[in-house]
Amino acid sequence: MPERVPPARITRRRMLALLLVPGLGLVSPASARADWWRFGQDMFMSLITRRPDLSGLSTAELIEAVHEALVIATHAASETLSRRNGFYGNPDVRIPLPEVLATTRRSLGRLGMAAPLGALEERMSRAAEDAAWEAREPFIRAIFALDLEDARSILLGPEDAATRYLEQEMRPRLTEAMRPAVENSLGTVDALSTYGEIESQMRDIPFLANVRLDLVGHVLEHTMDGLFHALSEEEARLRVDPFGRGTDVFQRVFSRL
């Protein structure tokens, strides 16, 4: 009996190529578009529901791969966010005015505070951009402090599972570690002095006279939101295309996802 050849493993990249390459019978004429569309839907569902095969990989290898993915993603995320407009030019992470100022912005503008409010809004994001590069060291320390007994479930989880695990386990510690960098950056970009001017004007406004805002805490919280958002995006990219990134162990693990 001739030796049976096992079927080729279908990866996301291979299936995308099959769907897009012309001449393979998958690009149907108009009369068959409905069948082609159903085929594409069925194939897509098979891809997103397929369980990756991590058999043969040791627990140590899985843990190393998760750690490395988070380290790579941290470097990429902090680099992206620390660029000019990394925060301010990205509506997904741009830091908003504190709620009390945002909800009264129109009224405050009529009182001559439009310019300082606009300056404060920009400078908060500039401070986050300035602080983002400093996130690498505390994030990497936190990554290697993770107890990844469930590394396998993280790898088999959603595309941002490792990022969310890090956030769940380490966010309070990371937030405190980032506080000095954010506070220093707020001073560097003159956000604190701008807020001081706004606060002095607020004392003459009856409905804002007693309002005191923790500007450092506000910017710190949103900076952390932005870092974890960017980290999750980088993790998703690594899962789709791990090749050429990281060590052999990382590529061996993530190429199976």
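- From Arg179, atom CZ reaches atom CG of Asn184 across 13.5 Å, with rounding to the nearest 0.5 Å.
- A side-chain donor-acceptor contact under 3.5 Å links Thr194 and Arg123.
- When all heavy atoms of Thr223 and Ala128 are compared, the pair lying nearest together is OG1-CB, 3.4 Å.
- Here the side chains of Leu156 and Arg152 are in contact, with some heavy-atom distance below 4.5 Å.
- A donor-acceptor pair is defined here as one N or O able to donate and one able to accept, closer than 3.5 Å; such a pair exists between the side chain of Glu235 and the backbone of Ala162.
- In this structure, a donor-acceptor pair under 3.5 Å is absent between the side chains of Glu79 and His75.
- Residues passing the ring pair (Phe, Tyr, Trp, His ring centres under 6.0 Å) test with Phe139, sequence neighbours excluded: Phe228.
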Next item on the list: Go through Met178 and Leu227 one step at a time and tell me if the side chain to side chain contact (heavy atoms under 4.5 Å, CB included) criterion holds.
Entry: CA-CA 11 Å; Met178 284 295 296; Leu227 284 165; 4.3 Å; yes
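- Residues passing the side chain to side chain donor-acceptor pair (under 3.5 Å) test with Arg141 are Glu137, sequence neighbours excluded.
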Notebook entry, point to check: Where do Asp248 and Arg252 land on the salt bridge (charged side-chain N to carboxylate O under 4.0 Å, His left out) test, with the steps shown first?
Noted result: CA-CA 6 Å; Asp248 290 342; Arg252 189 161 63 248; 5.8 Å; no
Listing, residues 96-114 side-chain donor-acceptor contacts under 3.5 Å, not counting sequence neighbours, or none:
{"residue": "Thr103", "atom": "OG1", "partner": "Glu99", "partner atom": "O", "Å": "3.0"}
{"residue": "Thr103", "atom": "OG1", "partner": "Val100", "partner atom": "O", "Å": "3.3"}
{"residue": "Thr104", "atom": "OG1", "partner": "Val100", "partner atom": "O", "Å": "2.7"}
{"residue": "Arg105", "atom": "NH1", "partner": "Glu121", "partner atom": "OE1", "Å": "3.0"}
{"residue": "Arg105", "atom": "NH2", "partner": "Glu121", "partner atom": "OE1", "Å": "3.2"}

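- Closest approach of Leu70 and Leu231 over heavy atoms only: O-CD1, 4.1 Å.
- Of the possible polar contacts, one joining the Arg136 side chain to the Trp133 backbone as a donor-acceptor pair under 3.5 Å is found.
- By the 4.5 Å heavy-atom criterion applied to side chains, Glu64 and Thr247 are counted as neighbours.
- Considering CG of Leu186 and CG of Leu120, their distance stands at 9.0 Å, rounded to 0.5 Å.
- Proximity of a side-chain donor or acceptor of Glu129 to a complementary backbone N or O of Arg84 within less than 3.5 Å is not detected.
- With sequence neighbours left out, the ring pair (Phe, Tyr, Trp, His ring centres under 6.0 Å) criterion links His218 to His222.
- Between Val66 and Val253 the shortest side-chain heavy-atom distance does not fall below 4.5 Å.
- Heavy atoms only, all atoms of each residue included: Gln251 and Pro242 are closest at CG-O, 3.8 Å.
- More than 12 heavy atoms of other residues, nucleotides or ligands shown are found within 6.0 angstrom of CZ on Arg203.
- Nearest heavy atoms, Glu68 versus Gly246: OE2-CA, 2.9 Å.
- Rounding to the nearest 0.5 Å gives a distance of 5.5 Å between CG of Leu148 and CD1 of Ile63.
- Panel note: side chain Asp190, backbone Ser193; no donor-acceptor pair is recorded below 3.5 Å.
- Looking at Ser82, its side chain never comes within 3.5 Å of a backbone N or O of Asp130 through a donor-acceptor pair.
- Among residues two or more places apart in sequence or in another chain, the side chain to side chain donor-acceptor pair (under 3.5 Å) test is passed with Thr74 by none.
- Met124 approaches Ala191 most closely through the heavy-atom pair N-CB, 4.5 Å.
- Proximity of a side-chain donor or acceptor of Arg126 to a complementary backbone N or O of Val189 within less than 3.5 Å is not detected.
- Because its NZ or CZ atom is not both nearer than 6.0 Å to the ring centre of Phe87 and within 45° of the ring axis, Arg94 does not count as a cation-pi partner of that residue.
- Applying the ring pair (Phe, Tyr, Trp, His ring centres under 6.0 Å) test to Phe250 and every residue at least two apart in sequence or in another chain returns Phe254.
- Between Ala77 and Glu234 the shortest heavy-atom distance is N-CG, 4.0 Å.
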